[in-house]
Each structure stands twice: as C-alpha cells, then as structure tokens.
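Below is one structure, written out as structure tokens, with a few remarks after it.
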There are 2 protein chains.
Amino acid sequence: MTTVLIADDDHLMRAGLVAVLESDQEIEVVGQAATGREAVALTRRRQPDVVLMDVQMPDLDGIAATRELTGASPAARVLILTTFEEDDYIFGGLRAGASGFLLKRTRPEELIRAVHTIAAGESLLSPSVTRRVIDRMAGHAGPQIPADQSAIEDLTPREREVLEMLAGGLSNAEIAAALVIEESTVKTHVKRILMKLELRDRVQAVIFAYEHGLRARRQDAERR
Amino acid sequence: MTTVLIADDDHLMRAGLVAVLESDQEIEVVGQAATGREAVALTRRRQPDVVLMDVQMPDLDGIAATRELTGASPAARVLILTTFEEDDYIFGGLRAGASGFLLKRTRPEELIRAVHTIAAGESLLSPSVTRRVIDRMAGHAGPQIPADQSAIEDLTPREREVLEMLAGGLSNAEIAAALVIEESTVKTHVKRILMKLELRDRVQAVIFAYEHGLRARRQDAERR
DNA sequence: TGTGTCGTCCCCCCAAGGGGGGACATTTCG
DNA sequence: CGAAATGTCCCCCCTTGGGGGGACGACACA
C-alpha cells in the first residue's frame, strides 16, 4: 500500500486527484493540504510515502515547501504537479529535492503510474520537462563524467575542503589565509588531492569538482 | 505511422526489438544495423523517425554514432538503449544529442510508448536514469543565470576558442599544439582573456566558463 | 602498545603561468 | 584610403604552482 498526501489550494483539483488515486487499490490518500505550511505539517504527522505538491499555493509555495520537507525528512518523496512548464518551477523544484515533476494535463493512468514509480524510489519527469532538463544539462554539463566518482571518497575531509576552495578560484595563499594554516600545508593538501584523483594540476581539479557537483560555498571566488 | 531503425550488434536483441515494435500497428521497422557506422549510413538513407541505438557496438559506439547522426541530420531522434546505467553512457549520450535513454530491462509496452513519445518530439528517460540526471543537475546547476554574460561577448572568436580549451583542462602548450600555433601566441590569447574578463588566472577562467555554460568540445583534456 | 591515518610544516628545484611591453601582416569597415 | 580589430609572434622578468622527498604530534583502533 502506498500512502499519498495531496497539497493543492484548489478544492476541485484535490477532489479530482483523490478520485483518480483512490481508483487504484494500492494507493491511499492519507491527507490533504491547501497551503504549503499545511503540507509540511501534515507530512510530518502522516509520514506519507509520496507527497503530491502543487506549485502555486498561498502562504508557502510548493517549491519552498518541498525544500523544507526534504530538508527535514529526507524520506519524503515529493512529486511536483503543476500547470505550467516554467523553468523556474522545474529547476527550482528539482533543486529543492523533488523526485519528479508532472504537468497537470497528465492522464490519470500516468499519474497513478507516476506515484508508484516515485514510491519505489525512482524519479520521473513529464516528457516535455525531460526535454528541458536534458537541454540544460547538455548546455553546461561537461562531457562524459570522468568515470571515477570512486576516487572522491579517497579524499580526507580536509582535502575535500581544500578542493572546494580551490574550485572556488582561490590561490594556495588565499586558502591558507582562510583556513589559518601555512601555505606549505595547503600545498601538501593540493599535492595529495592531485595524486589521489590522478589529475595534473589545479585547473583539472576545478574541472573535476564541477563535473562531480562539488562546489565551493563561496561568497568569495572573486574577480581580482 | 512511425518508422524506426534499430542499431544493435546482437542478433537476438534485434530480433526481439523487431518483434516487440512490430506488434504495434503504428510502428514500422525500416532498417537494422549491427555497427555504429551502419547505423549512421542507414539512417541517412532511410530517414527513420526514431533510431533505437545500442551503446556497445563495434566500429563506432552508440554515443559516437548518435553524435554523428544528430550533427548531420538534426531531424533524427535517437533513443539510446542499453543494459548498463553507466554515467558515462547517460551523460555522454544525452550530450551527443539523444532524445532519450532507456534500459533494456524496460518492459515491451514501455518501449512502444517510448518510441511514440520520442517520435512526437518529446524526450524520455528511464526512471532510474532520471534520478541521476536530476541529482547531477541539482548538484551543479549553479545559482541560475550568472547574471553577467556581458563580458563574454568582448572575446574574439579565437579567444573564445582558447577559453574553451583552457576550460577543458589543457595547458598552454597543449592548446598551442591543438591549434597549431606557438605557445607564445596562446599566452597572448590567455592574457587578453584574463584581462577582458577581469580574472586573475586560468583557474578563475575555468570557473567562469563553467558558470556561463561554456564548455570544451574536446575528446582530450586528459589526466596526466 | 604498536600501526595507521590525518593534519601540520619544512626543504629544494624547476616548469608553468602571468604581466609588461613591442611588432607586423590581414582583414574589416567607415 | 586610413584606422581599427584580429591573430600571430617575440622579449624579459618574476610569481605561482607542482614533484620529490622528510618530519612530527594527535588520535583511533586493534
């Protein structure tokens, strides 16, 4: 049995969703919310397998609610449901931790399948959304992944930290200053990073960091 | 009627695919290829709506074949079909211009639906693949729109070219070799790039390139 | 208690990169 | 036509970065 929570500010839409979902023997709607806050609160109490989340809602929109949910209870799997194919929604939602993104014009059977898919831990997007995501990826994702995500775990926490700063564009001296250690120590860390990841120089390390989604949390990484 | 071309080096697999696809009244298999080159050649002649492309093939793999196809005839829509969920395959394939990515363990009905979806101009990914794509996006889709795309246009075409290679991890010497010019010239270009973009060193240039979605088209950018 | 990992720091050396110029041929364009 | 932009190449000089070591204290784990 898959439990679902519905979050949508439109009564009719909620009724429709309930009707569709309950038509499937293996789905049970365990709660309904009309605002983002309600959705967050109810999810915490009911612990549904899947949250069907509308984007436009008063008080806290679906994206923000998703962010809260996935931050608080990572087990929650959110399927965002919306009328519009807005890029902001799509990328915002996915970055907020949503597992899927469906347009409301999706047919009932699709929706049911989607819920099961999400509940199973997989992800899914509407076809037209997929197109956009792929385009975006192709745009600024590098060529093939360096293939060895393995090596990243060889790095010690400190080394990872240095790698992130390095990927933020900082020089060895700047990293040293920021971490309050000697530059020679930074050089040692960099040396080991390059060795472990089998990279030639810091430039390739930056690329590696980007390709693997590592990113500096910088507010620095400034122009000169 | 949707026309499909099948590219797979495995006879049995081809037979299976044909059987499945032809079970649908609206799909017609108009060609079969056992190698990447064959796939490219046949696609050019038969002009199928959709190309079902295996990744592992002798002579020219599915990714490379897809790249050629989409480069030459942008109308071709490629659905990559593979047994493995390798990141290299997935991202390589999508960047090569594929419209979708399915695992071979997909059920027959799914495959048929997928072909129709692709033929309709939409895109689609296997659920587990979708997961990876989303993760990747979330990981390094930056704080959208870097806001200052301005300076990029100050670069001359040549400078842009050098910047891309630089962002591919190449050293000045390697860039010189690739462009068949002197290293001193490359240094001049790099110098001007840094000046125009107000960056300190090549590391920051790499970051700039990534943040602005510029990427090298290389096949090199190798480890040491 | 020893062995290992981690983080810190040091040395020397040399290659690579970047800053400051200048020069010259082609092409573009007003 | 003359000026500006572009791409090519050169010089000198100095800073940065990377490679090869070695060392030592803190802590964990067996």
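Chain letters run A, B, ... following the sequence lines, proteins first, then strands; residues in each count from 1. What you see is a predicted model; the values in this text were computed from it and never measured.
Side-chain proximity of B:R158 to the nucleotides C:dG19, D:dG19, D:dG7 is greatest for D:dG7. The listed nucleotides are C:dG18, C:dG7, D:dG18; the one nearest the side chain of A:T156 is C:dG7. Comparing D:dG17, C:dG18, C:dC9 by their closest approach to the side chain of A:R202 singles out D:dG17. With C:dC9, D:dC9, D:dG17 as the choices, the nucleotide that has an atom nearest any side-chain atom of B:E182 turns out to be D:dC9. In the set D:dG18, C:dT8, D:dC9, the nucleotide with an atom closest to the side chain of A:H189 is C:dT8. When distances run from any side-chain atom of A:K191 to the nucleotides D:dG19, D:dT8, D:dC10, the shortest one goes to D:dG19. Checking D:dG17, C:dG7, C:dG18 against the side-chain heavy atoms of A:P157 singles out C:dG7 as nearest. Comparing C:dG17, D:dG18, C:dT8 against the side chain of B:E183 picks out C:dG17 as the nearest.
Taking side-chain N and O atoms only, A:T185 has a distance below 4.0 Å to OP1 or OP2 of C:dC9. One finds a side-chain N or O of B:N172 lying less than 4.0 angstrom from the OP1 or OP2 phosphate oxygen of C:dG17. Listed pair A:S171 / D:dT16 fails the phosphate criterion, with no side-chain N or O lying under 4.0 Å from OP1 or OP2.
As rounded to whole Å, 15 Å separates atom C1' of D:dT6 from atom CG of B:L179. Remark: P of C:dC11 and NZ of A:K187 are 11 Å apart, rounded to the nearest angstrom. Counting to the nearest Å, the P atom of C:dG19 and the CD1 atom of B:I193 are 12 Å from each other. One atom, CG of A:D201, and another, C1' of C:dC14, lie 16 Å apart when rounded to the nearest Å.
Between the side chains of B:T3 and B:D49, at least one donor N or O lies within less than 3.5 Å of an accepting N or O.
A side-chain contact (heavy atoms from CB on, under 4.5 Å) with B:S99 is found for one member of B:T66, B:V78, B:I118 and no other, namely B:I118.
In the interface, the side chain of A:R192 is paired with the base of C:dT8 through a donor and an acceptor atom under 3.5 Å apart.
Within the 4.0 angstrom heavy-atom criterion, base atoms lie near A:T188.
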